[in-house]
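Sharing a structure below in structure tokens format, with a few things to ask.
Numbered from 1 within each chain, the chains take letters A, B, ... in sequence-line order. Everything numeric here is computed off the predicted structure, so don't read it as measured data.
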Amino acid sequence: MRIKEILGKKLITDSITVSGWVRTKRTSKSVTFIELNDGSCFSNLQATVDNTEFEETVSGISTGTSVEMSGALIPSPASGQDIELQVKNIKILGGVSPDYPLQKKRHSFEFLRDIAHLRPRANTFGAVFRIRNILAYSVHEFFQERGYVYLNSPIVTTSDCEGAGEMFNVSTFNMENPPRTDKNEIDWTKDFFGKKASLTVSGQLEAEIFATSIGNCYTFGPTFRAENSNTSRHLAEFWMIEPEIAFANLKEDMDVAEAFVRHLFKKVIEKGGDDLDFINKRISQGITDLLEKLSKADFTRITYTEAIEILEKSGEKFEYPPSWGIDLQSEHERYLTEKAFDGPVFVTDYPKDIKAFYMRMNDDGKTVAAMDLLLPRVGEIIGGSQREERYDILLDRIKQLGLNPEDYWWYMDLRKYGTVEHSGFGLGFERIVQFVTGMSNIRDVIPFPRAPGLAEF
RNA sequence: GCCGAUUUAGCUCAGCAGGUAGAGCAAGCGGCUGUUAACCGCUGGGUCGUAGGUUCAAGUCCUACAAUCGGCGCCA
């Protein structure tokens, strides 16, 4: 039986078998105490072993050893735990050599990142990854309850024009000697997919196809950006959730985004248990109260123009002075979420020149129906928009931005054949895990982080 | 990619005016105790990030490079 179940039920029984890894061992003359963790929950099961009976086995046990123990679960005579396992039989499954890098002490996250194959055995990472799992489940729960269809958008794409950043190439060519054209350029028509292919930077355009056919849908999959980003909130490979909502405008888009984020907060509070308690106590003091508050309060909604006014009137000394037309800097976002409103803020209706071609042009001709959700500390967590559904205007925008309309032929077709108003957004999954756990580096909330120079595990 | 800081034992760090390296934890051994990141004692463990340079002498000063961390840009 797994320890989560045992501790949850405060089970008392004559006979039970548990398996797991030893977190720490304390030896007395007659009794040895073993803290056993099987990963099912934050807490350990305390086991007591009779030294005289199992002397040899006990001496072979140290932190990290995998063992199978059977015996009786009894009320613990000492304080600190409700129940404990009185061991009647113990077997070492796998021993540990003295160079085991995980000790029963605090380790820096940087060090643990270098041993990513062992770090989930550390308290913090066990908690983080179990909370990540709660969030992943809750993502599906939210959309499924509302009738959204889960869409697997492609990971390999040939639309070289998604416009969201640098892309990783996908090719079967021998890189030292690829086929070349008469002009000595690489001949991608001879490559596996017949054209230049890359890893996706967004499933949005594909999601729009399904939103305008089977209706509301969402993607939740890996996303790749080959930017040379060296920050605590960027990854080269991350997981993104992209709902696409048919017959919806920007306001409805924000309503969904807000309900979605609140749902995630609520579920973490509901299911976080010991993991959340630990996070609340040791990693991110007060996060439980904050999540509680945010799961109820409305998120602030302001336009980009209002945001600029607030920043201009703030009296703050910004490194980059705010002015209408420039993109919001990190310092601006931080002022809005941490000082001006002290909570999540939607900023809407950005100048068209700093946003993507597919965002719907507003009547003023200067701004587009875009929205970003900003959170304290992690910054932009959601980027979304109402999509331009009017064929002619979309075509104009594509041309204005110097893009080739032919590259977007199927995307344009959606506007040609029964176009409808629709909206959507992208939420960076790791960013929400980061916010909820208070982990300061995004590399510590994904099991195997990929970043420039980092792909060991 | 830009700016800044850091890089000394397995881990976290100290090492102050340049004179041949230290603590806590971990590990090994022993002791004590129904213990709770237990406690006490002993032992082993370091070409001081790499490569050059200055000096009689460099962990300590200089240069380059690398890695890591923080901030910024790109965004989710």
Side-chain angles (χ1 to χ4, degrees), chain A residues 23-35 43-51 59 62-64 74 76-81 84 86 96-115 122-123 162-166 201-204 219-242 257 282 318-320 326-334 354-356 372-375 378-384 425-435 440-446 451-454:
Chain A
R23 279 295 170 81
T24 173
K25 178 183 83 168
R26 296 179 289 273
T27 319
S28 300
K29 181 168 273 172
S30 55
V31 189
T32 290
F33 299 91
I34 290 173
E35 298 280 342
S43 303
N44 305 320
L45 176 66
Q46 173 165 289
T48 59
V49 184
D50 187 317
N51 284 345
S59 70
S62 60
T63 302
I74 58 164
S76 178
S79 62
Q81 57 282 317
E84 64 184 35
Q86 207 168 40
V96 159
S97 56
D99 60 355
Y100 186 57
L102 276 179
Q103 303 156 12
K104 38 188 179 184
K105 59 166 268 189
R106 265 189 89 92
H107 285 102
S108 67
F109 294 147
E110 292 83 13
F111 170 67
L112 291 168
R113 221 173 283 149
D114 290 337
I115 49 167
N123 281 336
E162 295 183 37
E166 292 294 309
V201 293
S202 164
Q204 179 200 318
T219 71
F220 183 5
T223 310
F224 307 87
R225 305 262 166 104
E227 303 286 349
N228 189 13
S229 295
N230 279 292
T231 81
S232 57
R233 42 180 211 291
H234 287 87
L235 290 165
E237 175 185 291
F238 63 101
W239 288 68
M240 186 153 66
I241 298 133
E242 295 182 285
R282 304 290 282 275
F318 294 112
E319 193 182 338
Y320 298 89
I326 65 154
D327 210 349
L328 296 179
Q329 306 288 310
S330 284
E331 54 178 345
H332 302 148
E333 296 181 355
R334 223 175 302 121
I354 56 173
K355 287 292 180 184
D372 284 354
L373 177 61
L374 312 178
L375 279 157
V378 295
E380 185 181 340
I381 195 164
I382 281 178
F425 61 85
L427 176 137
F429 187 56
E430 283 73 21
R431 293 243 174 115
I432 196 110
V433 180
Q434 208 185 346
F435 180 77
S440 52
N441 196 315
I442 200 165
R443 298 174 185 193
D444 296 328
V445 300
I446 186 167
L454 184 69

- prompt: Within this structure, what is the CD-to-C1' distance between Glu166(A) and C74(B), rounded to whole angstrom?
  reply: 10 Å
field: Nucleotide U35(B), atom P - distance to NZ of Lys25(A) in whole Å
entry: 18 Å
Name the atoms and distances for all side-chain donor-acceptor pairs under 3.5 Å in residues 96-104 of chain A, with sequence neighbours left out.
residue   : atom : partner   : partner atom : Å
Ser97(A)  : OG   : Asp99(A)  : OD1          : 2.4
Tyr100(A) : OH   : Arg121(A) : NH1          : 3.2
Lys104(A) : NZ   : Thr24(A)  : OG1          : 3.1

query: Do we see a donor-acceptor contact under 3.5 Å between the side chains of Thr48(A) and Gln86(A)?
result: no
message: Quick one, Asn51(A) and Thr27(A) - any side-chain contact, counting heavy atoms below 4.5 Å?
response: yes
Glu430(A): partners by salt bridge (Lys or Arg N to Asp or Glu O under 4.0 Å), with sequence neighbours left out: Arg132(A)
query: Please give, in whole Å, the distance from A76(B) P to Ile381(A) CD1?
result: 12 Å
query: Within the distance-only criterion (no hydrogens, no angle test), does the side chain of Thr231(A) pair as donor or acceptor with the backbone N or O of Arg233(A) below 3.5 angstrom?
result: yes
query: If you find the nucleotide of RNA chain B closest to Trp239(A) and the one closest to Pro452(A), which residue's nucleotide is nearer the 5' end?
result: Pro452(A)
task: Give a yes/no on whether any side-chain N or O of Lys104(A) is located under 4.0 angstrom from OP1 or OP2 of A38(B).
output: yes
field: Interatomic spacing from CH2 in Trp239(A) to OG1 in Thr219(A) - rounded to 0.5 Å
entry: 10.5 Å
- prompt: Taking only residues two or more places apart in sequence, or in another chain, which ones meet Thr223(A) in a side chain to side chain contact (heavy atoms under 4.5 Å, CB included)?
  reply: Arg225(A), Phe238(A), Met240(A)
field: Residue pair Arg443(A) / Leu454(A), side-chain heavy-atom distance below 4.5 Å
entry: yes
task: Can you tell me, in whole Å, how much space there is between the C1' of C56(B) and that of G19(B)?
output: 10 Å
query: Taking side chain as C-beta onward, heavy atoms only, is Ile34(A) less than 4.5 Å from Gln46(A)?
result: no
Protein-nucleotides 28-34 of chain B N/O pairs closer than 3.5 Å?
residue : atom : partner  : partner atom : Å
U33(B)  : OP2  : Lys29(A) : NZ           : 3.3
U33(B)  : N3   : Thr27(A) : O            : 3.4
U33(B)  : N3   : Ser28(A) : OG           : 3.4
U33(B)  : O4   : Thr27(A) : O            : 2.4
U33(B)  : O4   : Ser28(A) : N            : 3.1
U33(B)  : O4   : Lys29(A) : N            : 3.3
G34(B)  : N1   : Glu84(A) : OE2          : 2.6
G34(B)  : N2   : Gln46(A) : NE2          : 3.2
G34(B)  : N2   : Glu84(A) : OE1          : 2.3
G34(B)  : N2   : Glu84(A) : OE2          : 3.0

- prompt: When the C1' atoms of G24(B) and G34(B) are considered, how many whole Å apart are they?
  reply: 27 Å
statement: Hits for ring pair (Phe, Tyr, Trp, His ring centres under 6.0 Å) against Phe435(A), two or more places apart or cross-chain, chain-then-number order -> Phe265(A)
Partners passing ring pair (Phe, Tyr, Trp, His ring centres under 6.0 Å) against Phe318(A) (at least two apart in sequence or in another chain): His332(A), Tyr335(A)
Spacing of Asn44(A) atom CG relative to A37(B) atom C1', expressed in whole Å: 11 Å
task: Figure out the CD1/C1' separation between Ile354(A) and C74(B), and round it to whole Å.
output: 14 Å
query: If only atom types and distance count, is the side chain of Ser28(A) paired as donor or acceptor with the main-chain N or O of Ser30(A) below 3.5 Å?
result: no
- prompt: If you measure from the P atom in G46(B) to the same atom in G22(B), how many Å do you get, rounded?
  reply: 13 Å
- prompt: For Asn123(A) and U36(B), what is the distance between atoms CG and P respectively, to the nearest whole Å?
  reply: 17 Å
Non-hydrogen side-chain atoms of Glu319(A) and Gln329(A) separated by less than 4.5 Å: no
- request: Can you tell me, in whole Å, how much space there is between the C1' of A14(B) and that of U6(B)?
  value: 15 Å
Under the salt bridge (Lys or Arg N to Asp or Glu O under 4.0 Å) test, residues paired with Asp372(A) that sit two or more places apart: Lys355(A)
query: Does any residue of residues 326-334 of chain A have a heavy atom under 4.0 Å from RNA chain B, and if so, which ones, in number order?
result: Gln329(A), Ser330(A), Arg334(A)
query: What integer distance in Å separates Arg23(A):CZ from U36(B):C1'?
result: 15 Å
statement: Between Arg443(A) and Ala236(A), whichever has its closest RNA chain B nucleotide further toward 5' is Arg443(A)
- prompt: Expressed in whole Å, how much space separates the P atoms belonging to A57(B) and U43(B)?
  reply: 36 Å
Distances for protein N/O vs nucleotides 43-48 of chain B N/O pairs under 3.5 angstrom?
none

task: If a pair satisfies salt bridge (Lys or Arg N to Asp or Glu O under 4.0 Å) and one of its residues is in residues 24-34 of chain A, list it, with sequence neighbours excluded.
output: Arg26(A)-Glu35(A)
- request: Determine which bases of RNA chain B form Watson-Crick or G-U wobble pairs with both distances under 3.5 Å, and write the result as a 5' to 3' dot-bracket string with | for other-strand partners.
  value: (((((((..((((........)))).(((((.......))))).....(((((.......))))))))))))....
query: Tell me, for nucleotides 1-12 of chain B in 5' to 3' order, what letter each nucleotide earns: B for a base near a protein heavy atom under 4.0 Å, S for only sugar-phosphate near one, - for neither?
result: B--------BBS
task: Taking atom P in both C40(B) and A26(B), compute the distance separating them and give it to the nearest angstrom.
output: 10 Å
- line: Here the distance between atom C1' of C75(B) and atom CD of Glu242(A), to the nearest Å, is 13 Å
query: Does the side chain of Ile432(A) come within less than 4.5 Å of Leu427(A)'s, by heavy atoms?
result: yes
query: Mind checking the C1' distance from G28(B) to U20(B)? Whole angstroms is fine.
result: 29 Å
- prompt: Which value, rounded to the nearest 0.5 Å, describes the distance between Thr32(A) atom OG1 and Asp50(A) atom CG?
  reply: 9.0 Å
- prompt: With rounding to whole Å, what would you report as the distance between G10(B) and G18(B) at their P atoms?
  reply: 28 Å
- prompt: Side-chain donor or acceptor of Arg26(A) under 3.5 Å from a matching atom on the base of C39(B)?
  reply: no
- prompt: How about Leu374(A) and Ile381(A): do any of their side-chain heavy atoms sit closer than 4.5 Å?
  reply: no
message: Any base atoms under 4.0 Å from Ile432(A), or only sugar-phosphate, or nothing? Heavy atoms, all strands.
response: nothing
